[in-house]
2 protein chains.
Amino acid sequence: MEYGTKQLQIIEVAEGLFAKKGFAGTSIRDIAQEADINVSMISYYFGSKEKLIEALFSVRMAETETTMVNILENQDLTAMQKVNIWLDSVVGRFMFRKNFHNIVMREQLSSNRSETITAFIMDLKMRHIDLMKQLISLGIREGVFKENLDMSLMMTTIYGTVNQAIANQDFYRRLNQLEHLSEEEFNLYLLEKLKVHLKFIFINSVSNEQQGLN
Amino acid sequence: MEYGTKQLQIIEVAEGLFAKKGFAGTSIRDIAQEADINVSMISYYFGSKEKLIEALFSVRMAETETTMVNILENQDLTAMQKVNIWLDSVVGRFMFRKNFHNIVMREQLSSNRSETITAFIMDLKMRHIDLMKQLISLGIREGVFKENLDMSLMMTTIYGTVNQAIANQDFYRRLNQLEHLSEEEFNLYLLEKLKVHLKFIFINSVSNEQQGLN
DNA sequence: AATAAAATCAAACATTTGTTTGATTTTATT
DNA sequence: AATAAAATCAAACAAATGTTTGATTTTATT
């Protein structure tokens, strides 16, 4: 599906509101007001509120598609290099698309609110798990990864940590007395912290080598 | 605040529906129907829908209160023993109160939907962090924990992993071909898996000793 | 410049929402 | 058994919801 600038602007406004107030908690009048358009334009462009969130998902998921595959199917990288690049890209994507991943999280918490979106998410998860399995078996073949590790639990920790970190960023900021940083600076700070933390955990749990705290 | 059996039954029904459909996505008519009561009883007992979810929080948070303190302030345990017991209790509580923690997660994702509930959650987090800091400094004094570790990031990983695991339990179940297990059996299976996984990650990251995959 | 198509709008639509009312039934107290 | 208090109910309330309508304006095409 192709969307014009107007549609994309509506999608972006909706994304922000859904992330802040939830899908059910956001009215199309909220969206119309913030996007500075008439309420009827949402039905006009997308058909319905439900179709609007589906449009949001289809746009954002298309973005992820290529990145992931390119990294993991690159033949010139070792397993350990791929892990590093992959973790960077996961953390980066979650931070860059905070609002969207907030919504994804909410949809996962709802048991089957929307068939279409459940399918979207399931599809994405399956593709990720698949690529990760390849990466892990490459690591095992290279002799750098332990065998018989529960990959799905490891991914649960990676995604869970990033989600939790972003959901609690305000708390983390206060706790570590980082209020003096600007929004932008703090984002960068948290991004780096998360990358280091996750690489440390991942490599320490999965690889045969031991890595110290930096 | 004290609640009778009827009120507690309403709270429990509401808890289930809020977890499934979100706060805004659940109408008081949904709750009334499932609890088999008249719609007006919710206002009659609690005052409003908002006050109902506050009642839910006050009931469930009171439960957590004591457990945590008892474990961590016990003088007879080593830091490592406390970590083990604490992790067991965290995972156990999240699994036992899936619905409630689903709601807590949602409320964390909403930026300040409700002042009262934000304050509830903030209070709980602060108390936890406080106790954990004590535990960590005990471990450092005992010489079993590394110094200069970011405790808040470690807790982010613990809570994030448990949340993510529970939010994705259906996916995990399918992925690992565990559909033959009953709901009850699967819960126990996941509980054990999570405990082992988190202890492994925590101890491997935080302690000076090295622990192998079991 | 004339015509057709697309975009925008205020208003109306039917539902659904949380809450209140006022009457009635049930339970507890005297 | 009489009285008071608590619980329950159907109905009504106003406000908010997602969507549609039909007229009007803007843009694109001929």
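Atom CD of E50(B) is separated from atom P of dT19(C) by 9 Å (rounded to the nearest Å). We find that CD1 of I28(A) is positioned 13 Å from C1' of dC13(C), with the value rounded to whole Å. Note: CD1 (I37(B)) to P (dG18(C)) measures 13 Å, nearest angstrom. The interatomic distance linking Y45(A) (OH) with dA6(C) (P) rounds to 12 Å, in whole Å. Computed from coordinates, the Y44(A) OH to dA23(D) P distance equals 17 Å when rounded to whole Å. Nucleotide dA7(C) holds its P atom 11 Å from the CD1 atom of I10(A), rounded to whole Å. In this entry the distance linking CZ of R29(B) with P of dA12(D) reads 13 Å, nearest Å. When the P atom of dA10(D) is taken as reference, atom CD of Q33(B) falls 13 Å away, rounded to whole Å.
Taking A55(A) as the reference, Y3(A), I11(A), F46(A) meet the side-chain contact (heavy atoms from CB on, under 4.5 Å) condition, with sequence neighbours excluded.
Although no hydrogens or angles enter the test, the distance criterion places a donor-acceptor pair under 3.5 Å between the side chain of D30(B) and the main chain of S27(B).
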* Asked: For DNA chain D, what is the dot-bracket line, given that a base pair needs Watson-Crick (N1 to N3, plus N6-O4 or O6-N4) or G-U wobble (N1-O2 and O6-N3) geometry with both distances under 3.5 Å, and | means paired with another strand?
  -> ||||||||||||||||||||||||||||||

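Taking only side-chain nitrogens and oxygens, K49(B) never comes nearer than 4.0 Å to OP1 or OP2 of dT17(C). Residue N38(B) places none of its side-chain N or O atoms closer than 4.0 Å to OP1 or OP2 of dA7(D).
Salt bridge present: R127(A) and D123(A) bring a charged side-chain N and a carboxylate O closer than 4.0 Å. Of the charged side-chain nitrogens involved, at least one lies within less than 4.0 Å of a carboxylate oxygen, so that R60(A) and E63(A) count as a salt-bridged pair. By the 4.0 Å N-to-carboxylate-O rule, E183(B) lies close enough to R173(B) to be salt-bridged with it.
When side chains are defined from C-beta on, M41(A) does not count as touching K6(A), because their heavy atoms never get closer than 4.5 Å.
Comparing dT21(C), dA7(C), dG18(D) by their nearest atom to the side chain of S27(A) picks out dG18(D).
Using a 4.0 Å heavy-atom cutoff across all strands shown, S48(B) reaches sugar-phosphate atoms only and no base atom. Base engagement by S43(B) is indicated by at least one non-hydrogen atom pair under 4.0 Å involving a base atom.
Both tests hold for K49(A) against F23(A): distance to the six-membered ring centre under 6.0 Å, angle to the ring axis within 45°.
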